[in-house]
Amino acid sequence: MAYDHKKIEKKAQEIWAALDLYRTEDDTGREKKYILDMFPYPSGEGLHVGHPKGYIATDIYSRFSRMKGFSVLHPMGWDAFGLPAENFALKNKVHPRAAVEKNIAHFKQQLAHIGLDYDWTREINTTDPEYFHWTQWIFLKMFEHGLAFQSDEPINWCPSCMTGLANEDLEGNVCERCGTVVEKKRLPQWVLKITEYADRMLADLDTLDWPEHIKEAQRNWIGRSEGAEIRFEVRTSDVLTSERTSDVLNIEVFTTRPDTLFGATYLVLAPEHPLFQNEGLRKSLRNVKKVYKYIQTAVSKTEIERAAEGKQKTGIKLEGIAAINPATKEEIPVYVADYVLGNYGTGAIMGVPAHDERDFEFANQFNIKISPVVFSAGSVSAGEIANGELQEIWGPERWAEEWNDWYTHPGILINSGEFSGKHSEESKWDIVAAVGGKRVTRYKLRDWVFSRQRYWGEPIPIIHCEKCGAVAVPYEDLPVTLPEVDHYEPTGTGESPLAAIESWVNTTCPKCGGPGKRETNTMPQWAGSSWYYLRFMDPHNGEELVSGKKEKYWAPVDVYVGGDHAVRHLIYARFWHKFLYDISIVSTPEPFKRLEFLGFILAEDGRKMSKRLGNIINPDDVIAEYGADAFRVYEMFMGPFENTTAWSTASISGTARFIQRVWNFQERVSDKPNVALGPLLNETIRKVEKDIEVFKFNTAVSQMMIFLNAAEKEGSIGKEQWLAYIRILAPFAPHIAEALWEEAGKEGSIHAAAWPTYDEALLLSNEREIVVQVSGRKRGSVRLSAEASEAEALNEAMKLPTVTAALGGKEPSRVVYVPGKILNIVR
RNA sequence: GCUGGAGUGGCGGAAUUGGUAUACGCGCACGACUCAAAAUCGUGUCCCGCAAGGGUUGUGGGUUCGACUCCCACCUCCAGCACCA
C-alpha cells in the first residue's frame, strides 16, 4: 500500500490518545527523568519552523527514555504575562487575556500536528490566578526574609515601553525589546536582592552540566572581582594653608590593584558621587561652578553618549582640595570625570597611570605625574631595586626609554617603601593592611528591579499603610488578581495603569485595619518563568507543592532544553530556586542539572525569520506537504543541535525520501534473519542510543540511513531485525513507526515497547579491516581478526603488491601495529 | 579590548584517549524507465593527472611511524561582556 502520511499521522495520534500513553504517573517505582523545554510565550504570529526544534529533541529524548524503562515527566505550558502579550493586545484592541487564550489555542493546534508526547493534563499558564497565586506566595516569602525591598534609586526607564527595566533587560543602553535608548528615572520600586546570591550562583556553576559559553556568560554577568577599599584623607583649602586640622572629608576608593597604591597620583570621583551633595566640599571648592556644570552635563548624558565619546576622556580638577596618598603621604589632586561609574565599587577610584591604560590616558591629558611602581620581573635587577629610587640610578634618559607606556601585569615592586623588591601579587594584602584598608568583593550584578508600570503582570501583593508602611497581603488572601479595566494602556508617568482603579487600590491594612492602598506596580515578565518547572510537578495543588512533597520525586530537572536566555531567565530561575532551597521548599541547590542549548533555524535567505521580512516558514505547510515524520527527522538531521542553520526546503526532500523508503522496505521483511545485516544492526542500535543520550541527533539519523542503504542492497531483512530497526526509528518518526508496528502484526503501541538491545560481544569479535600503511601512507588493507598478532598481520600485508612496490625491496626499519585498526610499515 | 566557541567539498555537515579525511544528506552531471515531464532507480561527483601517482582539513612552523585531532605564532568568523578600576 502506498504511504499516506496524513492518514498514518491521524491514526497514530488517535492510538496514543486512546491508550493515554503520555500520562505521567508520580509513583511508578521506576527511575524518573524530568525532561523540560523552555516554555514558550504564545505570540500572535504562531509557530515558525524554528520553534519546534527543541520540542522535537525533547520528544525524541523522552520517547527514548520511556522505551528504556524510565518514568518520564515531559510537560508543556505558557509564559503569557508581560509586555509582548500586552502590546499585542493593545495593537489588536482586545483584552490581553483574550489574546493569550486565542494564541494558546493556535499554538496547541500547531504543536499537535508534530506528534509531540506532552502530558497535557499538566499544562500550566502563568496568567492563571491559580498559578500566579504561588508566584505571589514566593514574592511574599522573599519579602518576609528581607530579600524584597523598596527603593527609589534612579532606574532604567524605557520611554517607549513606558516602564522601568532591570539591568538584564538592556542591551548596552538600549531596551532589549524595542531598541529605544533608556533614560534614568527616579521611581519608587520593588527590588529583589539577587546580589545576596551572587557568590553561590557563581560557585555552583561548576557543579552544572551546562555548555561552557552559557556558564561563561553568567560568570561575566555576575562579574565578581576581589579588591580593597582604601580610605584617602582629603584636605580642603581651609586646612591646606594651616597645619593639620581634623579630617573634614574622606574618600573611599575601590581597587583590584592595591599593590599599585604607591603609584596612585590622583583620585577620581564619579559625577554621581555622594560627596558632591556635601556642603563642606562645596564651600572648599574654588571652581564650584565649573565642577557642578560638568556634573550636570555628565549625569544628563546617557552612558551610550559617554561611551560614544570614546577614549577621549573628560573631567575637571577639584581646585582647592587635595587627597593624601596613605602610602606615600603625598598630596595628590582630585578630579571629577565621567569615565568613572557611579554605580560600581564606591564611585571613586585611585588613578594609577603607570599601571592602568585608562588612567594613563587621563594622566597624559591632564598632565598628572606618572609614577611607576611595578616592573616586570626580568627588566630590573635585584641590586637596582635594593638601591632604591630607580630614576636616580638610571638617570632621566634611560628612565624615559624604559618607561613610556603603562604596564598592567603583576611584577616586582619598586618605589614602594618597605615593599620594594617584593612581588606585587604577594604583597597586595599586606599593603592593604598597612594603610588600614579592607578587603572586599564587588559584583557587576545589580539587584533585580522588580516593578513594572504596566497592566499585564502579576500584581505585587503588598498593601501600603500610612501607619504600618508596606504590609504583606496575608497568605490566605492570595491570589491578588488583576481588576477588570476599560483602559490598560501604560500611563507613561511612572504610575501603573492600575493606580487609576480606585475601587481596587483602596483597601484596608491587614495589620491595623486602617485605610490602605494596594501596590499598583506589577511583576516583570520573568517572574512566572522563575519557578514554573516546579509547578509541573503538581499543577493542580499549590499547597502540596510548597510543602515540598512532590518536589522530592521529580526535581531537579534532568535535561533542560532551549535557546536564548543565556543570562536572564537562567539566572533568575537559579536565584529563586536557591531561595526556595534555603527555606526548605526544594531539596537541591540548582534547578537544572543539565542544559542543552539549541541553535536557531534561520530563514532560507540566512536571515532571522520575521513577519516583517516575510520569510517565515510555517510548520503546518511543511507537514502538510512532506509529513510530520519527515519534518521531525529533517530538523534533527540539519546539523549539530547547537548549530544555527538556515532552513532548506530542497534538503527536506532527502528525509522525506528516507521515510518513504523505510515504508517501502516493509515488503522485504522475511521470516529468516539476514545474517549479513547482523553486525551493522547491532552497531546501529548502539550508535543511535549513544547519540540520543548526548543530543547528537544528526549522526543518529545518518546511522539509520546507513543501515537502510545496506538493507536495501541486501534485499531482505529478518522480522526480528525489522522490529528492532523500527523501534529505534520510533522516537524520531513516531507516526510511521506506529503504522509499521501494526503492519508487522504487533499489538499495542510501539512507543510502549522496550528499546532493542545490542550484543556487546558481536561488536568486538570477528574480522576487521586493517589498513596497511607504508611510511604513514595508505597502500591497501587486509581482513584480519582483532586478535591477530603483528607477525600475522605483517605476513598478510606483504602479500599485497601495492605494499611490496612501495617498500621497493627494502627491509622495514620499523613496524607499528594497532590491532584491529592499522599496520604501518616504516621503510 | 577581555572571555568563551569555531574554521573540513558547490551547500548542511561526519571523523578528536592521534590511526582509511570528506560518512550521511542536499545540489549537480550522465544513464535507465517514459511520447514527454514529474516521481523512482542506477552510476559518478575534493583538486591536479589518460594512468601510475601526487596534493588537500584557515595560514606558517613544531612534535610523531602517523596530525582535522596535540604544541607555538598568526589570520578570520560567531557569541557574551565591555571606561566594572
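In what follows, every chain begins at residue 1, and chains take the letters A, B, ... in the order their sequences are listed. Values reported hereafter were calculated over all heavy atoms of this structure, with side chains retained and with hydrogens, waters and symmetry mates removed.
- Within residues 220-230 of chain A, the residues having any heavy atom under 4.0 Å from RNA chain B are, by residue number, A:Asn220, A:Trp221, A:Ser225.
- When side chains are defined from C-beta on, A:Phe276 does not count as touching A:Pro271, because their heavy atoms never get closer than 4.5 Å.
- When the P atom is used for both B:A29 and B:C81, the distance is 46 Å, rounded to whole Å.
- Considering only side-chain atoms of A:Ile822, the nucleotide from B:G4, B:U20, B:A85 that sits closest is B:U20.
- Between the CD atom of A:Glu635 and the C1' atom of B:G13 there is a distance of 17 Å, rounded to whole Å.
- Between the NZ atom of A:Lys215 and the C1' atom of B:C81 there is a distance of 19 Å, given to the nearest Å.
- Spacing between B:A79 and B:G61 at atom P, rounded to whole Å, works out to 32 Å.
- The listed nucleotides are B:G19, B:A85, B:G13; the one nearest the side chain of A:Leu341 is B:A85.
- The side-chain contact (heavy atoms from CB on, under 4.5 Å) test applied to A:Glu153 returns A:Ser151, not counting sequence neighbours.
- The separation of B:G7 from B:C70, taken at their P atoms, amounts to 10 Å, rounded to a whole angstrom.
- Comparing the P positions of B:U69 and B:U59 gives an interatomic distance of 11 Å, to the nearest angstrom.
- In this structure, the NZ atom of A:Lys778 is 13 Å from the P atom of B:G54, given to the nearest Å.
- Residues passing the salt bridge (Lys or Arg N to Asp or Glu O under 4.0 Å) test with A:Arg231 are A:Glu252, sequence neighbours excluded.
- In this structure, A:Lys444 reaches the bases: a heavy-atom distance under 4.0 Å links it to at least one base atom across the strands shown.
- At B:A85, none of the side-chain N or O atoms of A:Arg257 fall inside 4.0 Å of OP1 or OP2 (strictly under the cut-off).
- Judged as a ring pair (Phe, Tyr, Trp, His ring centres under 6.0 Å), and not counting sequence neighbours, A:Trp210 has no contacts.
- Partner assigned to B:G12 is B:C24, using Watson-Crick or G-U wobble distances below 3.5 angstrom.
- The salt bridge (Lys or Arg N to Asp or Glu O under 4.0 Å) check on A:Asp4 picks up nothing, with sequence neighbours excluded.
- Using a 4.0 Å heavy-atom cutoff across all strands shown, A:Val771 reaches at least one base atom of the nucleic acid.
- Counting only heavy atoms from C-beta on, A:Gln773 has its side chain closest to B:G19 among B:G19, B:G27, B:C24.
- Here A:Ser702 lies in heavy-atom contact (under 4.0 Å) with a base.
- Base engagement by A:Ile349 is indicated by at least one non-hydrogen atom pair under 4.0 Å involving a base atom.
- Position along RNA chain B of the nearest nucleotide to A:Val816 versus A:Gln703 favours A:Gln703 as the more 5'-ward residue.
- Pairing each heavy atom of A:Ala337 with each of A:Thr314, the nearest pair is CB-O, 3.2 Å.
- Under the Watson-Crick or G-U wobble criterion, with both distances below 3.5 Å, B:C68 is left unpaired in every strand shown.
- Taking the side-chain contact (heavy atoms from CB on, under 4.5 Å) definition, one finds that A:Lys317 meets it with A:Glu319, A:Pro333, A:Tyr335, sequence neighbours left out.
- Pair assignment for B:C74 gives B:G58, based on Watson-Crick or G-U wobble hydrogen-bonding distances that are each under 3.5 Å.
- Within the cation-pi definition used here (under 6.0 Å to the ring centroid, within 45° of the axis), A:Lys53 qualifies as a partner of A:Phe641.
- To the nearest angstrom, P of B:A82 lies 18 Å from CD of A:Glu357.
- Using the Watson-Crick or G-U wobble rule with both distances under 3.5 Å, B:C35 pairs with nothing in any strand shown.
- B:C50 makes up no base pair with any nucleotide shown, lacking Watson-Crick or G-U wobble contacts both under 3.5 Å.
- The aromatic rings of A:Tyr3 and A:His5 sit tilted relative to each other, their planes meeting at an angle between 30° and 60°.
- Both distances falling under 3.5 Å, in either a Watson-Crick or a G-U wobble arrangement, place B:C30 opposite B:G42.
- When heavy atoms are screened at a 4.0 angstrom cut-off, A:Pro211 is found touching no nucleic acid atom at all.
- Within the structure, every side-chain polar atom (N or O) of A:Asn824 is placed at least 4.0 Å from both OP1 and OP2 of B:G19.
- Distance, A:Phe597 CZ to B:G4 P: 18 Å, rounded to whole Å.
- As judged by a 4.0 angstrom heavy-atom cut-off over every strand, A:Asp359 is placed among residues making no nucleic acid contact.
- A syn orientation is assigned to B:G9, its glycosidic angle lying within 90° of 0.
- Across the protein-nucleic acid pair, A:Trp210 atom CH2 and B:G80 atom P stand 17 Å apart, rounded to whole Å.
- Between B:C46 and B:U22, the two C1' atoms lie 7 Å apart (nearest whole Å).
- Separating the P atom of B:G60 from that of B:A67 is a span of 16 Å, rounded to the nearest Å.
- Base pairing analysis places B:A79 opposite B:U3; the two distances defining the Watson-Crick or G-U wobble pair are each below 3.5 Å.
- In this structure, A:Lys713 reaches neither bases nor backbone, as no heavy-atom distance under 4.0 Å exists between it and the strands shown.
- With the nearest nucleotide of RNA chain B identified for both A:Asn709 and A:Lys696, A:Lys696 has the one nearer the 5' end.
- A sub-4.0 Å separation between OP1 or OP2 of B:A14 and a side-chain N or O of A:Asn698 is present.
- Close placement of the A:Phe697 and A:Phe695 rings is indicated, their centers lying within 6.0 Å of each other.
- Taking CG of A:Asn615 as the reference point, atom NZ of A:Lys608 lies at 11.5 Å (rounded to 0.5 Å).
- When heavy atoms are screened at a 4.0 angstrom cut-off, A:Arg657 is found touching the sugar-phosphate backbone but no base atom.
- For A:Met705, whose side chain is taken as the heavy atoms from C-beta onward, the closest listed nucleotide among B:G13, B:C24, B:G5 is B:C24.
- One C1' atom belongs to B:G4, the other to B:A85, and the distance between them is 23 Å to the nearest Å.
- To the nearest angstrom, P of B:A79 lies 19 Å from CD of A:Gln218.
- Closest approach to the A:Ala217 side chain among B:G13, B:G80, B:G27 is made by B:G80 (side chain taken as heavy atoms from C-beta onward).
- Across all strands, A:Ser648 comes closer than 4.0 Å to no nucleic acid atom at all (heavy-atom distances).
- Atom C1' of B:G12 sits at a distance of 27 Å from the matching atom of B:G18, rounded to the whole Å.
- Regarding A:Glu171, its CD atom lies at a distance of 7 Å from the P atom of B:C81, rounded to whole Å.
- Backbone-only engagement by A:Arg661 is indicated by non-hydrogen atom pairs under 4.0 Å involving sugar-phosphate atoms exclusively.
- For the residue pair A:Gln660 / A:Asn664, a side-chain donor-acceptor distance below 3.5 Å is found, with atom types taken as modelled.
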